[in-house]
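Atoms considered below: every heavy atom in the structure, side chains included; atoms not considered: hydrogens, waters and symmetry mates.
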Amino acid sequence: MLLTNPSMAATKIPVLKPQRNNTAKSMATNANMSSNRRTAAPITALESRVSLVFALAAQTSSVSQRFLMELATETTKYVFPNRRFESRSFEEALMSVPDIETVEFKVLRRNDQYEIREVESYFIAETTMPGKGGFDFAGSSRSFNVLAEYLFGKNTKEKQMEMTTPVFTRRVESDGEKMDMTTPVITRKVEDQDKWKMSFVMPSKYGANLPLPKDSSVTIKEVQKRVVVVVAFSGFVTDEEVERRESTLRGLMNNDPEFRVKEGISVEVAQYNPPFTLPFNRRNEIALEVERKRE
């Protein structure tokens, strides 16, 4: 009977909604704030050192990569040589010259035996070689190192300058300091004292504004514009080879219709290659200053 009572069937029973727990919310907020405080806390000394190690490692890697790139660029200059010289023979065709700065010149005339060049002016660093020969290993190495130290920073400005080519070795008369030729290291001989001098050609971008040497045995000089006769040959340079080729070149110039060797001029030898170059790939030149014959 109770189930059929219409008044009770129509009565709605209220539903109670659960209320949010303010205590739980407060606890969650406190936990988040505590977490944030922990995140913002300063790193420990150990963590700082570890970070520094990683930073230095990254920097070292970057420097190493730049060094390797620079090394590859410099090596390319020797692996892919400059082909500015025209070959007159099979021997010259095998010669190579590093793709670095050299003395500027213009070829006035060329034949199968020699070449006449007009060489532009340039500056050199020069030193007297020890010993009686111009091409003995000990004397050449010592003079080369003295000049290289100046070039790479042993100067008043501690300036590191670029290497050029060739190296000149020159023999001259004792009463003159005249200098000819282009880029290499020059070794020259003072006849009555049996001495030679070696020279590095200075990078052209410095002009006359070169730093002074700290070593008193090194001097800076300007080589004036001039005309020279040149013969190229491969292999290693010896005093005997230079003497033989100089004698042959002087004989050839006696019959030249336009030029003659200037009086009192001594031979100059240019070497274009680093020591590790194979003999048949090496380019050496002997040169004598010449002048036009008077009509």
Side-chain angles (χ1 to χ4, degrees), residues 77-78 81-89 91-92 94-108 110 113-127 129 133-135 139-140 143-144 147-148 151 163-172 178-189 196-204 221-239 241-246 248-250 253 261 265-275 277 279-290:
K77 295 177 181 179
Y78 294 90
N82 191 321
R83 294 296 180 184
R84 67 172 299 179
F85 298 96
E86 183 176 329
S87 301
R88 294 188 300 272
S89 64
E91 180 185 16
E92 282 196 63
L94 295 177
M95 298 176 188
S96 64
V97 176
D99 191 17
I100 56 180
E101 184 180 357
T102 188
V103 170
E104 293 295 325
F105 65 84
K106 177 175 65 176
V107 176
L108 301 180
R110 178 189 292 116
Q113 297 169 310
Y114 55 82
E115 184 174 279
I116 305 292
R117 297 176 185 169
E118 183 179 64
V119 183
E120 298 297 325
S121 62
Y122 56 92
F123 284 86
I124 60 168
E126 180 183 70
T127 189
M129 301 180 69
F135 302 96
S140 297
S143 300
F144 189 96
L147 294 173
L151 191 69
M163 188 66 188
T164 62
T165 188
V167 170
F168 283 119
T169 310
R170 188 170 173 200
R171 184 176 62 203
V172 296
K178 285 182 143 185
M179 304 200 56
D180 316 340
M181 201 59 202
T182 63
T183 41
V185 175
I186 305 167
T187 311
R188 58 184 195 175
K189 182 181 178 183
W196 290 77
K197 294 204 172 187
M198 178 179 282
S199 307
F200 277 14
V201 176
M202 295 293 96
S204 59
K221 296 182 178 180
E222 182 179 10
V223 180
Q224 299 297 323
K225 183 176 181 179
R226 63 195 61 208
V227 179
V228 297
V229 58
V230 177
V231 171
F233 61 100
S234 59
F236 293 104
V237 181
T238 63
D239 290 278
E241 182 74 6
V242 171
E243 184 176 352
R244 182 181 69 82
R245 289 185 178 274
E246 178 189 358
T248 300
L249 181 56
R250 287 183 180 273
M253 289 306 298
V261 178
I265 290 299
S266 294
V267 69
E268 181 176 81
V269 180
Q271 297 173 269
Y272 285 85
N273 305 96
T277 306
F280 58 84
N281 287 139
R282 301 178 70 86
R283 184 180 183 92
N284 312 301
E285 295 175 345
I286 63 169
L288 294 165
E289 186 176 355
V290 299

Enumerate, atom names and distances included, each donor-acceptor pair closer than 3.5 Å involving a side-chain atom of residues 228-238, sequence neighbours excluded.
from	atom 1	to	atom 2	distance (Å)
Ser234	OG	Glu91	OE2	2.8
Thr238	OG1	Glu241	N	3.1

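Under a 3.5 Å cut-off, the side chain of Thr127 and the backbone N or O of Ser143 do not form any donor-acceptor pair. Checking side-chain atoms of Glu118 against main-chain N and O of Val107 turns up no donor-acceptor pair under 3.5 Å. The backbone N or O of Pro274 sits less than 3.5 Å from a side-chain atom of Arg282, completing a donor-acceptor pair. In this structure a side-chain-to-backbone donor-acceptor pair under 3.5 Å is missing from Asn284 to Val269. A donor-acceptor pair is defined here as one N or O able to donate and one able to accept, closer than 3.5 Å; such a pair exists between the side chain of Asn273 and the backbone of Arg283.
At least one side-chain heavy atom of Met253 sits less than 4.5 Å from a side-chain heavy atom of Val290. Proximity of Tyr114 to Leu249: side-chain heavy atoms (C-beta onward) are separated by under 4.5 Å at one or more points. Looking at Gln113 and Thr248, their side chains never come closer than 4.5 Å, going by heavy atoms from C-beta outward. Counting only heavy atoms from C-beta outward, the side chains of Ile124 and Phe200 never approach each other to under 4.5 Å. Side-chain contact between Lys225 and Phe105 is absent, with no heavy-atom pair separated by less than 4.5 Å.
Here the OG1 atom belonging to Thr164 is positioned 6.0 Å from the CE atom belonging to Met202, to the nearest 0.5 angstrom. A distance of 10.5 Å separates CD of Gln224 from CD of Glu289, quoted to the nearest 0.5 Å.
With sequence neighbours excluded, the residues satisfying side chain to side chain contact (heavy atoms under 4.5 Å, CB included) with Ser140 are Met129, Met198.
For the residue pair Thr102 and Tyr272, the shortest heavy atom distance occurs at OG1-CE2, 3.9 Å. The two residues Ile286 and Val267 have their closest heavy-atom pair at CB-CG2, 4.0 Å. Taking each heavy atom of Met163 and Ile100 in turn, the nearest pair found is O-CD1, 3.9 Å. The shortest heavy-atom contact between Arg250 and Val261 is NH1-CG1, 3.6 Å.
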#### Entry: Worked verdict on Arg117 versus Glu285 for salt bridge (charged side-chain N to carboxylate O under 4.0 Å, His left out)
CA-CA 12 Å; Arg117 297 176 185 169; Glu285 295 175 345; 2.8 Å; yes
